[in-house]
Structure formats: C-alpha cells, structure tokens
S.K.: 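Please find one structure pasted underneath; my questions will follow.
This is a predicted model, so every value here is computed, not measured.
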Amino acid sequence: MWERTLQDLIRGLRANKNDEAKFIAQANEEIRREIKSKDMELKAAAVMKLTYLDMLGYDMSWASFHVVEVMSSAKIHLKTVGYLAAAQSFNEDTDVLMLTTNLLKKDLSSSPAEVAITLNGVSDIVTADLARDLNPELIAMLSHSRPHIRKRAVLTLYRVCEKYPDVLRQCITRMQEKLDDSDSSVVSATVNVLCELARRNPQDYLPLAPQLFHLLTTSSNNWMLIKIVKLFGAISPHEPRLVKKLKPPITDLITTTSAISLLYECVHTCIIGNMLQGTSGLSLARTCVSKLAAFLQDADQNLKYISLLAMVKIVPTHPELVAEHQDTILTSVDDDDISIRMRALDLVTALVTRHNLQSIVQQLLSHLVQPEGPSLPSAVQSLSQHVVPSIPSKAPSAPSQSPAYRLVLSQHIISMCSSSTYDNVVDFEWYLSVLVDLAYISNVDIGAQIRDQLVDVVGRVRAARAYAVKLMVKVLSDETLLLNAGEPGSCSEVLWAAAWICGEFCDELLAPEELLPYLLHPNVTLLNPEIIAVYIQAANKIFGYWATEAAQQWTNDLLEKVRSAVETMIEQMEEYVCSPHIEVQERAANILQLFTFIKHDLEAYRPRGENALADALASSFDPVDEPSFPKSLYLIRPLMSSYELGPVAPAAQASVPVPEGLDLDAWIVPAMQEPLVDDESHVTEKKVKKSKKGKEKETPNRTRGKGGKKKRKEDSTVVELVPQEPEETAEEQAERERLKAERLERMREDPYYITDERPTRATVSDIDSIPVVRLDDVPPPPPKEEPRLFALRSDTSRSAPPRFVVEKEGEMPDGVVLEPPVPVSRQPTPGLFDRISTPPPTLPSFQQYDVPNEDTRASTPEPIKVTRAKKKGPSSAKKKRTVNPDS
C-alpha cells in the first residue's frame, strides 16, 4: 500500500489550486485511516501532515489523543513530531492534557535530548494544573549540567510563572543564582525573564540591583545590556539612591556606544528613572537631547519617531534644552509620515511659550491651507522637456489633507493657545483673528470649540471686546459662511458666537442698527435652531440699545427709520413663531409681543408740530410731562442691561449657600400634593353636607350671600383660587376714571415726584434757549476709510497695544466664605469687571402707561391681601382666611 508523505501532500496542494477543497477532503480521509494504524512511523507521518494542514486553518482537534500517543514514542525523532503537533494544536481546553502529566515528568528525567524537546513543548502547552504539578522538576532543571538545558529551563519557568504565580516565590532565589552562571546565554536568558517579570511589581526585584549593576558595568553583550537598562529603569523610581549610582555607567554608555537601540534605551531609562532631575542631571539631560536631535536628522523614519517620542517626555523637566532644536522639530511637522507628524505636533504643543506661540501657530495654520492646483508649465519649460527628455522632478509633498489630521492639528492650535487660561497669549486680538481664520480654513467639525473660545475670551478679557465685536460683525456680514453653514466642516457654530458677542456688546459699535439686516436675513432660517435662537436674541438686544440711543438724540427724522426696523422685526418674528423648534418659537413669540407693543406706541405717537409754543402750553397743563420721543423706545434696553455678564468661577454654583429654613426636597406648593378635583362621590358628599347646613351657595363671581360666611374645617379639601377677569361695567369704568384723577392730583402735589422737578420746560423761553444753531460751527468729521457698519465707538488710533488682563478666577456669589480662608497676603485682587465697570446709561423715569378707555380688557386687579384672623371661641387653634375687599 502506498502512502503519501508530507512532501507529496504539499505538491498535491500546489497542483490542485483550482479544487483545493476536494483535494483536502481526500487527504483527510487518508490521514484518518493512517492515524489509526498501529505502526508508529505511519501514525507520526499522519500527525505531521495534520500539523501542516492545521497551519493552513484546518481543524485537527479530533486527533489530540493520537498526538499524545506519538509524544509517548520512545524514538526521539517521533517524539519531536508529537511535541511539535501538541505545541501547534493544544490549548487550555484540550481535555487530553490531563493525561500528559506523568509523560512530561518521565521525559524531564530522560536524556538531555529528550529533556530539551520536552522543555520546548511544555513552554507552549503549559496550563495552571501542569505548572503546579511540574514546577519541582522544572526548578531542578536549573542545576542541569548542560547550559542549553539550564537556558531552556529558565525560559520555561517564565511561562510557568504566568500560569501559576505561586511558583515565583520558589524559583526566584534559583534564578538569582543564574545571574552568576558561567554560561553567558544562561545569564542573558535570566536577565530577559527578570525584565519581563519586573513589569508587574518592580519593587520586588530591588535585591537584584547589585548583581545587575555588576553585569551593566562588565558585560559587552548589547542585547543583554538593553534588558538590564530596561530593568533599572523600572526599579530606580522605587529607590532614589540607585539613581546616583547609575548615572556614571549610563552616561558612559550614551557617549560611547554605537548601537542605536542601546543608546535609545539608555536615554529612555534616564527619563523614566528620574535621572534628569536636579543640577547633576542637567548635563545628562543635555547629552540626551543632543543625541535625540541627531536622530531627527537621520534618514531612518523609526529613529525620527522614537526621538520625538522621547523629547516629549523631556520637555516637562528641561524645555529650554529641547527648544534649542525648535527649527529641526518644526521641519518634522512637514514629514510625509503621518505618525511622525502627529508626534511632532505633540512635541510642538509642549514647547509653546509666550515668546514663540505666535510663530508656531502661524506655521501650523499654513498646513491647513488647501494647496493650489498644479500650475501649467511655461513655454520654456515645455520646449526644454521636448528637446532634452528628463524625469520630471517630484514636487514637494504637502501635508496630509485627511480630515483626521486636520482635526488633530486644529485641536492642537486651540489647546496650545488656551493652556492654563491663556497664559501664553500676549495679544488677544491676534488670538481672536486666529480663531476666525481657523473657522475658515480648517474644513473639519471644530466649530463648537472655536465658539466656546470666542465667548470665553470676550468674557474674560475686557480690553479685547471692541476688536472682537468688529471682527464678529465681519463674520455676520459674510454671506458665504451663512450659505455654506449646512455643509460638513463649515464651522457654522462661529455664527452663534458672533451673534452673541455683537448682541451682548453692541455698545461698542458706532452704528449698531446697520447690523440688524444681517441678523434678520431670510437665509438665517437655514441655520441650526440653536444659532437661530441666538440671532433672535441678538437682534432684540441691538434694537433695544439703538432705540435707547435714538431716544436720547431724538429727531423726527428718526421716526420712519425706527418704524421700518420695527416692521422688519415683526415680519421676521412672525415667521419664527411657526418654527417647529420650541426655543426659537418661544423667543420669537416673546419678542413679537414686545415689538407689537412698540408698533402701537409708534402709531399713537404724534411728533411735535411747528407750533412749539402751543405744544409747550398744552403740556404745561399735563401733570406728567410727556417726552419728545416715543416712550416705548426704552422698553427693551432695561430688560437686557441690568447686569454685566462675566466669567463664572468653577465652584460658584456649589458655593451658593442654602438659605436657613429652606428644604430643597420639600414641595414649594403643598396643595399640589393633593388632587385638585376629587372623584364624583366625594363631590356629591360635600354638596350634601353643604345643603344640610343650610348655607347659601356661592355666586359665579365667588362672592357669598348675606350671612353666608362659612367656617373652614381642617379636613376640608383645599380650594385653588384662580383669579378671573370680569367684564368692566359702566360704573366700574367711571370709578376707575375717578381713581385715576385722584392719583394724578396726588402726583401734582407730591414734592418728591421726579417728573415735576424737571426744569427743562418750565417756561416757553426754554425752547428758544436750546443751542441747536451751534451745530453749524462744528467742523465736519474726517472721512472714514471703512464702512460705518464696522466702525467702533471707541476706535481711535493707538500708539501702544492695549494691556490685556485675563480674569481667571471668575465671579463668585456674594457672601461666600471660602474654606479654608485665603491668607491676607494672598487675597485675590478685585475682578476685572469690578475695577472697570461701565454701567448702562441711566434711564429717565416716566409715568406708567395708561390703558385707553376704548380698550375692553379689564384693568390689572389690585393685589389680594390674605390675612389670618383668630376664630372666636374655645378652639383658637383653627384659623380662617378673609379677603379684605378694601385693599
């Protein structure tokens, strides 16, 4: 009978590539017959073929028992096949491993050749049970007379310690002895095992330091020195005295070795082993940085990568040494390898200081600019290529334009500028420009971070607000950014920040009303709802400020301009009221009501005629001196300018004290704990009780009949009082007019009423004394180079840059006591907004608006005073509420 050998199987696979599955199936059938044979040679050949097929991905777990049979063969070449198959196919779930314990113990006590094969096999198939049972035999192998057996035993014990850690206590002493072994291969294997074991608990291996130090200073094996240096790097942080001892040999290795791998490991050990600290470590740090800088100029990309990786770890302790090679590091940002560029970005971010921030950021911004298309060759270049054909020169490759790299680069620019609350930023106007440039050229979704930075800078740095407003006006007036807001990477969130800044600090603009058309543009509806909501609020704030300024300098020519702005606001708010987004809808509805009121007031306003004398005489009989402008112009501004916004301290919310007697877990309205309406049976029962007492029923307007006072019992259902607005009768209207006349009479006689003390229109001659004619002598203003929209109220030429003060702490609630108390010498200085505060202009006080007589709505009811009176009788604990009708 002819059997196929392993060589025949391989040739057959190569010859049947088109029908490999069929050939494998036939080969498996033959192997199943051969492996059941009693001939050990034939069985071993079948196992060898199965092992080869297992390497190709075909399962051979069904033949595990036959593999054990081949392992137990007395012939060394067959035993080798069995252990090879076991190492290839066995795992911890193989059930026949429990049958191999005695076999392995027997083989470990056999000839050196069998012992070597067994050690190789045990290192692959060892389990926790086998490690527990075989550790005495394996430890005994450390004293074998053959060096290669001792070396294999040391390496096998590492695998045994991984599966069964209790063995480590028994064998660590014997391994320590192997550091002084006569054979260098055994010593190298022992150092390798100890280096791997020390990763988990480095402090347990400090007793080995003397022997390892002896090997470090005497050995010439670079690979073993690498392991020793790694081991010292792991244990030196746990023993400070070891650092001083290691510096001389490590420094000698760095300066003398020609092995790049050993040099890097020495540098890395100096970093992680705290050998660069203190004055004595400065010279070693300088040596390490110089060696790493040489790696950056090497053509090997791997050396560049590890050099950048190591420099990042040196920067925290010696940034000035790494900064000497800044130009070389920045060239790595242009490298073609993406991994090198990423590490270079990390290093550049760590190198940033107040002096080099702007230059580094400008260079990084240049990498975000999209490269221009290839330009056409000139005529001379085309002719020269036809006359003398040559290989076209390769254009320098631009940095990667992948979105992932651009996002990381943009994030690094923001992080290096905002680090430690803008410690490295000297010119905040420059930083605001960088943020806007980043929004235009990044082409990645980083708009949210740019928005947060813009708002934070403007809130913390008061001196940068004017420039920020001017910059944000340009952003809002850019239709390209508005139209492309829906595209990925458009950074449309910058429009959120621009609208918020212009609305909050619109007093910096010379002509804020010219910004309203951009905030009310029809294409604003294409933006995100969150941005639309901020646009609505900003338009409201800007109109409120402009209306207040217009009222203070009122002329009749402004009336049509104000009316046009109000109509535009109402028209746009009516469109936003129908928005499906609740935030946009609610803000638009509120603002629409305000502007509807302003519109009615503007329609009712009558400008002063040419007969100023008659107007003045008519106003002299009015107890309330009416202003010359519509009073509704002051309606919005006080709602938005009561307090100045500033940065809030991180611990501000947690520092708000809970008022005494306030229970945050209790119900605010106790009545809400009970149902307002009980079931029908309970209501019926109450009605029956009322009828039995003979009390009169309540009228629809909640008044009682004569003698219909009802005692309130403690168990009665709580009644919710809902104020109603009854229709006003003729008698009530006459009574309201009488009360109004009495109030006006009291105001006329009140010496403390502020309106009566205004001397501006006491006599008719005051009108002629207004110095309006003096305006003709004022010279015309100089021509402005930029549009009025971008002009600032305080935009004057500056001889020196502004002094930027960053409020880092933020505002805290009043009356907060910090624990522990800050020493007197370290009390925080007053905040920026406390030192430099510009309160809103004082608004004149005018009389409250009166409701016209033809308005059918009832007047606002007077507040109801609720008093508690003690009930007459013995049970004085019960109380009742009475309504005072005269209040």
Side-chain angles (χ1 to χ4, degrees), residues 179 188 191-192 194-296 298 302-326 328-329 343 346-347 350-351:
L179 292 175
S188 179
V191 170
N192 193 8
L194 292 175
C195 183
E196 297 299 323
L197 292 175
R199 291 184 177 182
R200 300 181 181 178
N201 298 307
Q203 63 275 11
D204 294 341
Y205 298 89
L206 283 173
L208 305 179
Q211 293 173 285
L212 294 175
F213 184 82
H214 176 73
L215 293 174
L216 178 65
T217 55
T218 58
S219 177
S220 60
N221 186 349
N222 286 336
W223 291 111
M224 188 170 67
L225 288 175
I226 289 174
K227 294 295 182 180
I228 295 174
V229 170
K230 280 186 175 181
L231 187 53
F232 274 124
I235 65 177
S236 58
H238 301 278
E239 179 52 67
R241 295 174 297 178
L242 193 59
V243 175
K244 184 177 180 181
K245 188 74 172 177
L246 288 174
K247 282 184 179 180
I250 293 291
T251 305
D252 184 64
L253 284 175
I254 292 175
T255 55
T256 59
T257 185
S258 59
I260 300 297
S261 56
L262 178 58
L263 174 60
Y264 174 75
E265 289 300 335
C266 292
V267 173
H268 186 258
T269 299
C270 293
I271 298 171
I272 66 175
N274 299 327
M275 299 182 187
L276 306 182
Q277 305 294 337
T279 308
S280 60
L282 180 60
S283 59
L284 180 58
R286 189 178 300 276
T287 303
C288 293
V289 171
S290 62
K291 293 291 184 179
L292 293 175
F295 288 171
L296 287 177
D298 198 280
N302 295 325
L303 295 180
K304 289 183 180 179
Y305 183 86
I306 62 176
S307 175
L308 294 171
L309 203 60
M311 281 188 173
V312 171
K313 300 176 182 178
I314 298 180
V315 166
T317 56
H318 298 84
E320 68 284 354
L321 298 180
V322 182
E324 296 176 0
H325 308 279
Q326 176 180 328
T328 308
I329 295 170
R343 298 289 76 78
D346 294 338
L347 182 55
L351 278 177

S.K.: So, do E324 and V289 sit near enough that their side-chain heavy atoms are less than 4.5 Å apart?
M.R.: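 E324 vs V289: side chains apart.
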
S.K.: Would you mind reporting whether L246 and T269 have side-chain heavy atoms less than 4.5 Å apart?
M.R.: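 Heavy-atom side-chain distance check fails, nothing below 4.5 Å.
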
S.K.: With a 4.5 Å limit on heavy-atom distance, are the side chains of T257 and L225 in contact?
M.R.: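 No, too far: nothing below the 4.5 Å cut-off.
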
S.K.: Which pair of heavy atoms, one from C195 and one from K230, lies closest together, and at what distance?
M.R.: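 Where C195 meets K230 most closely, the heavy atoms are SG-CB, 3.8 Å.
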
S.K.: Does some side-chain heavy atom of F295 sit less than 4.5 Å from a side-chain heavy atom of L263?
M.R.: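 Yes, side chains in contact.
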
S.K.: Measure the CG-CE distance between L212 and M224 for me, rounded to the nearest 0.5 Å.
M.R.: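 Taking CG in L212 and CE in M224, the distance rounds to 10.0 Å.
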
S.K.: Could you give me the CA-CA distance, side-chain angles and deciding distance for L194 and L208, then say whether side-chain contact (heavy atoms from CB on, under 4.5 Å) is met?
M.R.: CA-CA 10 Å; L194 292 175; L208 305 179; 3.6 Å; yes

S.K.: Quick check: closest heavy atoms across V267 and C288, and the distance to 0.1 Å?
M.R.: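 Result for this residue pair: CG1-CB, 3.9 Å.
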
S.K.: Nearest 0.5 Å please: distance from the CG atom of N302 over to the OG atom of S307.
M.R.: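 It is 12.0 Å, given to the nearest 0.5 Å.
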
S.K.: Answer yes or no: are there more than 12 heavy-atom neighbours, outside K247 itself, under 6.0 Å from its atom NZ?
M.R.: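 It does: K247 NZ has more than 12 such atoms within range.
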
S.K.: Hey, is E196 close enough to K227 for a salt bridge, meaning N to O under 4.0 Å?
M.R.: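 Salt bridge flag = yes for K227 with E196.
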
S.K.: Give, for atom CD1 of I314 and atom CD1 of I271, the distance between the pair rounded to the nearest 0.5 Å.
M.R.: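 If I round to the nearest 0.5 Å, the distance is 4.0 Å.
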
S.K.: Using side-chain heavy atoms (C-beta onward) and a distance below 4.5 Å, is S261 in contact with N222?
M.R.: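 Not in contact.
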
S.K.: Please answer whether the main-chain N or O of W223 pairs with a side-chain N or O of N221 as donor and acceptor at a distance below 3.5 Å.
M.R.: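 Yes: the side chain of N221 pairs with the backbone of W223.
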
S.K.: Can you tell me which residue pairs pass the side-chain hydrogen bond (donor to acceptor under 3.5 Å, both in side chains) test with a partner in residues 311-320, sequence neighbours excluded?
M.R.: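 Found H268-K313.
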
S.K.: Got a second to check how far S188's OG is from I226's CD1, nearest 0.5 Å?
M.R.: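 Result: 10.5 Å between the selected atoms.
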
S.K.: Shortest non-hydrogen contact from L231 to A198?
M.R.: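 The pair with the smallest heavy-atom distance is CD1-CB, 3.3 Å.
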
S.K.: If you measure from CD1 on I254 to OG on S290, what distance do you get to the nearest 0.5 Å?
M.R.: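 Here the rounded value is 9.0 Å.
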
S.K.: Quick one: closest heavy-atom pair of C270 and L284, and the distance?
M.R.: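 Nearest pair, atom of C270 first, then L284: SG-CD2, 3.7 Å.
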
S.K.: Closest approach of P207 and P210, non-hydrogen atoms and distance?
M.R.: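 Where P207 meets P210 most closely, the heavy atoms are O-CD, 3.4 Å.
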
S.K.: Determine the minimum heavy-atom distance between A310 and L292, stating which atoms define it.
M.R.: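 Of all heavy-atom pairs spanning A310 and L292, the closest is CB-CD1, 3.6 Å.
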
S.K.: Roughly how far, to the nearest 0.5 Å, is CD1 of I250 from CD of E265?
M.R.: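 The distance works out to 10.5 Å.
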
S.K.: Do D252 and T217 make a side-chain contact, defined as non-hydrogen atoms from C-beta onward lying under 4.5 Å apart?
M.R.: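 When only atoms from C-beta onward are counted, T217 and D252 do not touch, as no gap falls below 4.5 Å.
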
S.K.: Looking at side-chain heavy atoms only, is the closest gap between D204 and L197 below 4.5 Å?
M.R.: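 In short, these two side chains do not touch, never coming nearer than 4.5 Å.
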
S.K.: Would you indicate whether the side-chain heavy atoms of D346 and L308 approach each other to under 4.5 Å?
M.R.: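 Answer no - side chains too far apart.
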
S.K.: Within the supplied structure, the quantity of interest is the number of heavy atoms (other residues, nucleotides, ligands) at a distance under 6.0 Å from H214 NE2; does it exceed 12?
M.R.: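 Count not over threshold, so no.
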
